[in-house]
Amino acid sequence: MYTISFTKEALFDIEYIVLWYEEQRVGLSYDFELCLEAGLAEVLRNPDNFQKRYKKVQVRFISRFPYGIHYVVKENTIVIIAVFHTSLSPKNWSKRL
């Protein structure tokens, strides 16, 4: 059984995204949160299902929104290192490894 943990930076990513979507339209942040939770649940169920993109970092893209959940698996823990927009360069978050 796996557990999920978040880096401080990943939590800041999520907070920023939620605030941005809420500014765009009231309630849109809630839609994002639901899609994020669904993506995290899939990662938790089977973390090996998703492509390794950068070294050992795997990515699960969020449905309906242009973001990816970037994570590494360390023993029985899935560490979320970033939730990044798909248009951003990996150089922006690769320093987090």
Worksheet item: According to a 4.5 Å side-chain heavy-atom criterion applied to Ile, Leu, Val, Met, Phe, Trp and Tyr, with indirect links allowed, do Phe6 and Val57 form part of one hydrophobic cluster?
Response: no
Item to complete: List for me each residue that meets salt bridge (charged side-chain N to carboxylate O under 4.0 Å, His left out) alongside Arg25, sequence neighbours excluded, and say none if there are none.
Response: Asp31
Practice prompt. For Phe84 and His70, work out which heavy atoms get closest and say how close.
Written response: CB-CE1, 3.8 Å
Item to complete: Supply the atom-to-atom distance Glu42 CD to Glu37 CD, rounded to the nearest 0.5 angstrom.
Response: 13.0 Å
Worksheet entry | side chain to side chain donor-acceptor pair (under 3.5 Å) partners of residues 6-17, not counting sequence neighbours, each pair once | Asp13-Arg96
Worksheet item: Taking Tyr71 for the side chain and Pro47 for the main chain, is one N or O donor matched with an acceptor at less than 3.5 Å?
Response: yes
Response to the item:
When rounded to the nearest 0.5 Å, the distance separating CZ of Arg60 from CD1 of Ile80 is 11.5 Å
Response to the item:
Sorted by chain and residue number, the salt bridge (charged side-chain N to carboxylate O under 4.0 Å, His left out) partners of Glu33 (sequence neighbours excluded) come out as none
Discussion item. Measuring from atom CD1 of Ile17 to atom CD of Glu22, what distance do you get when rounded to the nearest 0.5 angstrom?
Written reply: 14.0 Å
Fill in: Atom pair CG (Leu34) and OG (Ser63), whose distance is rounded to the nearest 0.5 Å
10.0 Å
Discussion item. Centre-to-centre under 6.0 Å for Phe50 and Phe61, is that the case here?
Written reply: no
Item to complete: State yes or no: do Leu36 and Ile78 share one hydrophobic cluster built from I, L, V, M, F, W and Y residues joined by side-chain heavy-atom distances below 4.5 Å, directly or via other members?
Response: yes
Practice prompt. Provide the closest heavy-atom pair for Lys74 versus Val79 in the form atom of the first, atom of the second, distance.
Written response: CD-CG2, 4.4 Å
Practice prompt. Looking only at non-hydrogen atoms, find the nearest pair between Ile4 and Leu44 and report the distance.
Written response: CG1-CD1, 3.7 Å
Discussion item. With side-chain contact (heavy atoms from CB on, under 4.5 Å) as the criterion, how do Ile69 and Ile62 come out once you've worked through the C-alpha distance, each side chain's angles and the decisive distance to 0.1 Å?
Written reply: CA-CA 7 Å; Ile69 301 167; Ile62 300 171; 4.0 Å; yes
Discussion item. Tell me if the aromatic rings of Tyr21 and Tyr30 count as close, with their centers under 6.0 Å from one another.
Written reply: no
Worksheet entry | Hydrophobic cluster membership, Val59 vs Val73, 4.5 Å side-chain cutoff | no
Worksheet item: Which word best sums up how the rings of Tyr67 and Phe32 line up, parallel for under 30°, tilted for 30 to 60°, or perpendicular for over 60°?
Response: perpendicular
Discussion item. I need the Ile81 CD1 to Tyr54 OH distance, nearest 0.5 Å.
Written reply: 10.5 Å
Discussion item. Measuring from atom CG of Leu11 to atom OG of Ser5, what distance do you get when rounded to the nearest 0.5 angstrom?
Written reply: 9.5 Å
Worksheet entry | 4.5 Å side-chain heavy-atom contact, Val83 and Phe12 | no
